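Below: one structure, written as C-alpha cells.
For the numbers below, each heavy atom of this structure counts, side chains included, while hydrogens, waters and symmetry mates do not. Start at 1 and go down the list; that is how both ligands and their atoms are numbered. None of the values given here were measured: they were computed from a predicted structure.
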Amino acid sequence: MTQPRIPLAGVIGSPIAHSRSPLLHGHWLRTYGIRGHYIPMDVHENDLERVLRTLPAMGFVGVNVTVPHKEKVMAFADQITDRAILIGAANTLIFRNAGSILADNTDGYGFIENLRSGAPDWRPEAGPALVLGAGGAARAVISSLVDAGVPEVILSNRTRLRAERLKADFGHRIRVIDWVQAGSAVKDAALVVNTTSLGMSGQPPLSVQFDGLHPGIVVTDLVYTPLETGLLAAGRKAGCTTVDGLGMLLFQAVPGFERWFGTRPEIDEATRAAALK
Ligand code: ATR
C-alpha cells in the first residue's frame, strides 16, 4: 500500500533567518494536527530557478517568497494571478501537477483583511487614504485599497518619481504629493498607512508631522517591530483607531496555508503569540 506523501512548504528569501513565517505555519500545522512541514530556505538569486524546478519533485506543494525574490520569481511562473500581475510581484507559489507553478500575491489581501479585522467600522468610501511610501509594499496596499473602493489615494514618497510610477500603473484615483506635504495631508484622510521602513527598530523614525490626526481617522503601520510604532502611538494619543502591522503578516499567510495543507487557518491571540515568539 502506498503511503500518502507528507506535504512540504516553506519560505524562500535571502537572508531568511529573521522570517516569522515558519513560526506561524508551524503553529497552524500543530494546531490542526497536520502531518506537514514548513521550512525556511536561504536561496541565492543564481540558484532560484533550479531550486523552484526541484522542490516539487521533493514533495513541496508550494512556497512563500520574500525579499529579494518577489519580483524575480514571476519569470518562472507558468500562471500568474491578476492581483500578482497588478502588483508586479509574488509572495505565494503553488506547485501543481508535474511541477507547474502558479504565482499569487496575497499581500494586498493580507493588508485589507487585517484592516477590516482591526478597524471593523472603517469603510473604504469614508474618504481618501494617505499612503506613505511607494516601494513594493505600497504597490500591494494601493492595489487592495483601489480594489476595495477607496475614492482617492493620496500618495507621498521621499522619491517622488517612484510615486508617479505607481500612479501611472494604478490610475486616476492616485494623487501624488511631495514628501514634505505628507503631514498637512493627514487631516484630509480617513485612513493613514505607513508602508515605509521608517519607525522600524534600527531605522530612523517617521519624521512626518501628525498634528492633523483626529478620532475619525484610522491609522495603520506595516512595521510591526515595535508593535506600537511612533505613528501608531501618535494615532492612539489623538483618539484614532489604530491597527498594527503584525496582522498583515498573519492574514497574508492564510491563502497559502489553505491551498497547501487543505485547512483554512484561524487568526486569534494564540496565532499572534506564535508569530511573536
Ligand atoms: P518595500 O518592499 O518594503 O516597500 P522598498 O521597495 O525598498 O521596500 O521601499 C521602501 C520604502 O521606504 C520606499 O518608499 C522608500 O522611499 P524611497 O522610494 O524614496 O527610497 C521608503 N524609505 C526608506 N528609507 C527612507 C527614509 N530614510 N526616508 C523616507 N523614506 C524612506
Side-chain angles (χ1 to χ4, degrees), residues 11-16 18-21 45 48 64-74 83-92 103-112 114-115 129-146 153-170 174-186 189 191-210 219-227 229-232 234 243-253:
V11 55
I12 289 182
S14 191
I16 203 64
H18 65 285
S19 172
R20 294 182 181 272
S21 296
E45 181 185 342
L48 194 56
N64 285 126
V65 183
T66 188
V67 179
H69 300 321
K70 284 181 160 190
E71 287 89 15
K72 284 178 212 103
V73 292
M74 302 279 274
R83 59 189 181 181
I85 290 172
L86 194 62
I87 297 167
N91 73 336
T92 305
D104 191 12
N105 193 314
T106 64
D107 283 334
Y109 164 86
F111 169 76
I112 213 88
N114 183 43
L115 185 60
L130 173 63
V131 175
L132 307 173
R139 293 188 81 89
V141 166
I142 290 171
S143 73
S144 68
L145 288 173
V146 169
V153 173
I154 307 169
L155 179 58
S156 184
N157 192 49
R158 175 181 60 177
T159 311
R160 186 175 170 123
L161 184 64
R162 271 185 112 183
E164 298 285 1
R165 272 196 223 121
L166 264 161
K167 179 180 167 66
D169 288 347
F170 287 99
I174 316 296
R175 176 160 62 93
V176 176
I177 61 169
D178 280 338
W179 184 237
V180 290
Q181 292 175 325
S184 48
V186 166
L191 173 71
V192 174
V193 189
N194 175 42
T195 76
T196 75
S197 46
L198 298 174
M200 191 185 290
S201 315
Q203 297 286 322
L206 186 59
S207 52
V208 173
Q209 287 298 319
F210 295 115
V219 181
T220 184
D221 202 323
L222 268 50
V223 171
Y224 58 83
T225 50
L227 270 180
T229 60
L231 170 63
L232 294 180
V243 182
D244 71 50
L246 181 66
M248 177 173 168
L249 173 81
L250 309 181
F251 280 100
Q252 64 78 31

Shortest protein heavy-atom distance from [atom], along with the residue and atom involved:
atom: atom 23 (C) of ligand 1; answer: Ser197 OG, 3.6 Å
atom: atom 9 (O) of ligand 1; answer: Gly135 CA, 3.5 Å
atom: atom 15 (C) of ligand 1; answer: Asn157 OD1, 4.0 Å
atom: atom 8 (O) of ligand 1; answer: Gly136 N, 4.4 Å
atom: atom 4 (O) of ligand 1; answer: Ala137 N, 3.0 Å
atom: atom 13 (C) of ligand 1; answer: Arg162 NH1, 3.6 Å
atom: atom 19 (O) of ligand 1; answer: Thr159 OG1, 2.5 Å
atom: atom 28 (N) of ligand 1; answer: Leu198 CD1, 3.4 Å

| task | Examine the proximity of ligand 1 to Ala134 and report which part, side chain or backbone, both or neither, has a heavy atom under 4.0 Å away. | result | backbone
| query | If you measure from the Lys or Arg side-chain nitrogens to the Asp or Glu carboxylate oxygens, is any gap between Arg139 and Asp169 under 4.0 Å? | reply | yes
| query | For atom 21 (C) of ligand 1, which candidate among Thr196, Leu166, Leu132 provides the closest heavy atom? | reply | Thr196
| query | When you measure from atom 26 (C) of ligand 1 to each heavy atom in Glu71, Arg158, Arg139, which option holds the nearest one? | reply | Arg158
